[in-house]
Structure formats: C-alpha cells, structure tokens
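What follows is one structure encoded as structure tokens, with my remarks underneath.
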Amino acid sequence: MGLTPTRITTDIEYDRPGRQLGYLRLIHSDNRHAFSTIPIPIAVIANGAGPTILLTAGNHGDEYEGQALLHRLARTLDPKRVRGRLIVLPALNYPAVLAAARVSPLDDGNLNRAFPGDADGSPTAAIAHYAETVLLAMSQGAVDIHSGGSATVYAPSVYLHCGGGADLLRRKLAGARAFGAPYTVCAKATSDSRSMSAACDRLGVPMISTELAGGGTIDPAALEIGRAGLTRLLVHFGVMDGEAPAGHMHSTRLVSPLGAQSSVMSPTDGIFEPLHEVGAEVRKGTLAGYVHPLGELDRPSLAAEFAHDGIVLVKRVPALVRRGDYLYRLACEIDEKSLFA
Ligand code: CA
C-alpha cells in the first residue's frame with residue numbers, strides 16, 4: 001500500500017443528515033482523461049443514531065440487477081426510514097460499468113481481486129483502497145450485489161465468504177436468512193484474500209454478497225427477490241425502520257459449490273445446447289446438454305453429462321463454446337453445523 005491516504009476526493013459530507021447524491025472523483029491521467037476526473041456515483045442517506053451500512057453494485061461492470069436496485073434505492077428511500085447511515089454506490093467500478101465489462105478497460109483491473117488496493121496504484125487499485133480504508137472502515141455491515149455477468153446466470157443466491165471466524169460467520173448467516181434468497185452459497189474461507197469479502201473479514205464487518213441471475217441483462221424475478229431481500233436485510237441490520245416485506249421470502253437452502261471436477265466442461269468446440277435451467281436438481285449421469293461441432297457436418301453432436309448429484313447453481317450463457325469451457329456448475333445442500341466443524 002502507498003503512503004498516500006487516498007487521491008479520491010468528494011463533495012459528500014459523510015456526517016451530514018438527509019440525502020446527498022454526489023460523486024467520488026477518481027483521478028486518472030490518460031489520453032481520454034487528461035483534463036477530467038472519473039465521477040463514481042455515490043449516495044449517502046443518513047438520519048440520527050444507528051449503524052453505517054455500505055451498499056455496492058457494479059463491482060463487476062456487467063452485472064445489472066444490483067445496479068438497478070441501488071440506483072432506485074438511492075433516489076427513492078425516504079431518509080426518515082433510516083436509522084444511522086446508508087452509503088450507496090450502484091456502480092463501484094464505474095469505468096467497468098461504462099464499458100459493460102467485468103473488469104476495468106483502464107487497467108484490466110478486476111475490482112474483486114484488487115483489495116486491499118493502493119492509493120497510488122491503477123484506477124481499480126485506487127477504488128479498492130478507498131472502499132477498504134474509507135468506506136468499509138466506517139461501516140458496521142456491507143452488502144455487495146453481484147450477478148452472473150454476461151457469461152453466466154446464477155440461481156438467485158446470497159453468497160457468503162465463510163472466513164473471519166465463527167462469530168462473524170454466525171452474523172453473516174443471520175443476515176442471509178433475513179435476506180431469504182432461494183439459496184445461500186457458503187464459499188470456503190480459503191477464497192481469494194483480494195476480494196471485497198476478504199476485506200470485510202479483515203475488518204470484522206459482516207458482509208452479505210449475492211449472485212442474482214445475470215446473463216448481461218436484468219432478470220425481473222431475481223430483481224424482486226433482491227429488492228425484498230435487501231429491504232429485509234436492512235431492517236435486520238437495524239439501519240431501516242418499518243415492516244420487513246413478506247414477499248419473495250424463501251427459507252434459504254444452504255449449499256456448497258462442488259469443486260471443479262463436478263463442473264460440466266464442453267467436450268469439443270461448437271454450439272452448446274443446454275437441457276437444464278439453474279435450480280434444477282440433477283443426478284450423476286443426467287444428460288446436461290449437447291455440443292454441436294458446427295465446422296464438421298459429418299461429425300455427430302457430443303453429449304455432456306453431470307458427473308455428480310447436485311443442484312444447478314450456474315449455467316453458461318453464450319452458446320459458442322471451446323473445448324474445456326464450463327457449461328454448468330453444481331452445488332450440494334449442506335448442514336449449517338458443517339460450517340462450524
Ligand atoms: Ca461478480
């Protein structure tokens with residue numbers, strides 16, 4: 001980490017009550033930005049005593065459900081419903097959002113692999129540094145809303161990074177149950193230390209992440225699951241007053257992603273014809289789909305099978321595939337006790 005506290009500036013006054021809509025000004029000097037800064041949109045909605053909760057989307061730029069949810073929340077949430085402070089960034093890696101891309105076109109930076117970041121580093125590193133040392137440092141809870149991106153669609157899920165110790169994990173699980181998505185994916189504590197989840201574990205901030213559909217578009221059903229779940233979670237965190245909505249509430253199923261060996265890989269180059277949607281329950285040997293080798297008319301289509309029993313958690317979106325590309329990823333249901341063993 002550099003010696004500079006941060007080079008990002010803002011007109012937002014974090015201690016001011018009411019709604020403020022503004023920008024974080026990211027400095028980046030290249031041919032396009034020689035005489036400008038990059039304005040990352042930010043809202044702060046504060047009212048009286050209570051926790052500070054950070055809400056982010058657009059960590060990956062091509063994941064849209066969260067961007068839509070937070071853009072609307074920033075403008076429409078009545079500050080009188082807030083107890084404490086919400087800090088809302090619907091497009092956290094704004095250069096990636098503008099490019100409709102997972103990573104930033106300025107530096108190829110994957111924000112979720114850039115923590116703890118560097119104030120003196122590339123644009124993506126500077127955003128990660130600000131998020132960890134300024135925004136998360138003043139937060140008592142965080143929600144980072146992801147989706148499958150352009151390449152994949154997820155079964156609507158809360159996604160938990162199971163690091164940070166048993167007490168933090170219990171608080172994250174309580175948040176996941178309040179959110180009430182159909183699935184809660186529990187990822188091992190050995191996940192990447194450069195993620196925002198890992199940053200939250202370092203700071204002791206309970207963070208709830210999500211994977212809401214995806215596919216480079218907005219899934220209306222997943223959006224409603226996200227909207228109701230986020231409201232319930234904010235009531236659970238104590239930062240929002242009033243009734244938690246009862247709709248789109250699931251008794252969430254805890255699942256664990258099965259390893260790479262249970263992912264279905266394309267057996268050849270061609271066009272993928274899927275036979276299942278996310279959420280399907282499949283068995284070892286179930287036919288997953290076909291890959292049609294379009295360049296060779298005399299060659300039959302190849303079948304791909306699931307190699308394990310499980311729930312379809314992730315499905316590939318683009319039909320054109322190369323040998324080895326993942327077509328599906330499975331998860332299996334787990335017991336909460338196994339997370340604390
Ligand atoms: Ca993502």
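When a ligand or atom number is given, it counts from 1 through the structure's own listing order. Everything numeric here is computed off the predicted structure, so don't read it as measured data.
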So the protein N/O/S atoms within less than 3.0 Å of the Ca ion (ligand 1) come down to His60 ND1, Glu63 OE1, Glu63 OE2, His146 ND1
Answer whether the closest heavy-atom distance between the side chains of Val185 and Pro257 falls below 4.5 Å. yes
[X] side-chain N/O to [Y] backbone N/O, donor-acceptor pair under 3.5 Å:
X	Y	answer
Arg81	Asp241	yes
Asn47	Val82	yes
Ser147	Glu211	no
Arg16	Ala46	no
Tyr328	Gly289	no

